Protein chains: 2
Amino acid sequence: MQSVMTEAVALLDEAGEPALTFRALASRLGTGVGSIYWYVASKDELLDRAADHVMADVLVAVEKLPAAADPIDSMRAIAVALFAAVADRPWLGAYFMRDTGTQPNALKVYELIGQQVQRLDLTRRERFHAASAVIGYVIGIAADLGQQPPQEVVDGTASRDDVLDRWADQWRALDREEFPFLHEIADEFAGHDDAEQFRAGLDLLLAGLRLQSGR
Amino acid sequence: MQSVMTEAVALLDEAGEPALTFRALASRLGTGVGSIYWYVASKDELLDRAADHVMADVLVAVEKLPAAADPIDSMRAIAVALFAAVADRPWLGAYFMRDTGTQPNALKVYELIGQQVQRLDLTRRERFHAASAVIGYVIGIAADLGQQPPQEVVDGTASRDDVLDRWADQWRALDREEFPFLHEIADEFAGHDDAEQFRAGLDLLLAGLRLQSGR
DNA sequence: CTATCGTATAGAACGTCGTTCGATGGTCGA
DNA sequence: TCGACCATCGAACGACGTTCTATACGATAG
């Protein structure tokens, strides 16, 4: 049933993985627990399929991206779109990481980035490493960011900035001699934008790639 | 009790997170389930503390790394050491990601990388982004690699290479027109070395950073 | 010496979860 | 009408995290 997946995604969107239980899903669908097992063999498969379900939408968004003349610009656009998708579906990060080689739509994303890499003047091994690095960076940062936000933020008790501020304060409370770097960037961290941070790192990676490919 | 953490780590090493249950840990320690709660408030804390416990060792290994004249070379060495630690403790990747800003030893690692970044000629924001990118890349790739290996590998039923080969075969079975990149790199993937792949991506990132810092 | 309090241990009990299983309809061709 | 197959359902099972109460040990105070 198609609605099983859409409803599963809805639960994940609302409160992350812990909210997706067979009982909650069944009650949401107005059916029994056992029925879900007719469509899905296990919770792992449920999560995989749910992730793949939304990756299908991400994929069409990525595919309708205007093709850039420069392959590296294209990769950048794909990566940014991918990050955006995970940014507003934090749970997706964790499940993009599982079985990248198994989920059909995740595979296609890998392929899309790889096709851009193929346009660069590199050895086969370099191409393999380049595509893997970009994918790895995107998924890694996205998953990191996708850490289940603290309960207070989910409640609405505190805003994301409040939490960031509190962390920054903790850093500032550390010994200045021992932690000069954390002191220096506490302010940067306090108000930082995840997407900007992601793009900055991505650009470093792509600059290195551009260098390797001889432009 | 110190032995609680060492035994917890032992369980994690043997069979990953699912193996670490309060009952298993209690039986291992020859005590009751309730006793563990005297030292630890929840399973989350147990995992955090276990992760921090091994990070302490990683930290001393990192700190006794020979200081390089070039800050970027230093960062590379730290990152490689960090990756190596996660590589033979796959479960560590997932729990390095949680509460990076909370676990004391993880914080110190962040600081160490940051101190190297501080030696580069960059703006404060660029430094913040650079350190975050490197940390993010390391953790991301490590966590990805730390995906609980398929059951067959844990059993010993199949080797890691067998699993890789099977994936490569799946890729080769795809339509060649639609998936040219996956076809091209199937061979590379089949026998690839995770550490080499990690280093290759890291070098791209660091090359970009070097470029930004004007050497 | 005994009463008391903080430290530490132990395990029964509770609620929730993923999962299994057998029973029950419904539909359709023979 | 009869089975064969698709689909649904919810009780039941075992494992888990967690809570709670009971108990013991040691030091300290009266």
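Only a predicted model underlies this, so the values are computations on that prediction, with no experimental measurement involved.
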Result for side-chain hydrogen bond (donor to acceptor under 3.5 Å, both in side chains) between A/D48 and one of A/Q103, A/H53, A/K43 points to A/Q103

Checklist entry - Using the ring of each side chain (for Trp, its six-membered ring), is A/W171 parallel, tilted or perpendicular to A/F189, with breaks at 30° and 60°? => result tilted

In whole angstroms, the gap separating C1' of C/dT19 from CG of A/D44 amounts to 13 Å

Here the distance between atom C1' of D/dG10 and atom CD1 of A/I36, to the nearest Å, is 12 Å

Looking only at side-chain N and O atoms, does B/W38 come under 4.0 Å of OP1 or OP2 in C/dT9? no

| When you check the phosphate oxygens OP1 and OP2 of D/dT8, does a side-chain N or O of A/Y39 lie under 4.0 Å from one of them? | yes

A/L46 CG to C/dT19 C1', in whole Å, measures 13 Å

| field | Check: A/L46 main-chain N/O paired with A/Y39 side-chain donor or acceptor under 3.5 Å | value | no

- Message: Closer than 3.5 angstrom, by distance alone: can the side chain of B/E111 be matched with the main-chain N or O of A/L182 as a donor-acceptor pair?
- Response: yes

Quiz item: How are the rings of B/F198 and B/F83 set to each other: parallel, tilted or perpendicular (split at 30° and 60°)?
Solution: parallel

Taken to the nearest whole Å, CG/A/L25 to C1'/C/dC17 is 14 Å

Item checked: Enclosure of A/R125 CZ (heavy-atom neighbours >12, cutoff 6.0 Å) -> no

Requested in this report: Report which part of the nucleic acid A/L20 touches: base, sugar-phosphate, or nothing (heavy-atom distance under 4.0 Å, all strands).
Outcome: sugar-phosphate

Hey, what are the protein-to-nucleotides 10-14 of chain C N/O distances that come in under 3.5 Å?
residue: C/dA10; atom: OP2; partner: B/G32; partner atom: N; Å: 3.1
residue: C/dA10; atom: OP2; partner: B/S35; partner atom: OG; Å: 3.3
residue: C/dG11; atom: N7; partner: B/G34; partner atom: N; Å: 3.4

Between CZ of A/F22 and C1' of C/dT19 the distance, given in whole Å, is 8 Å

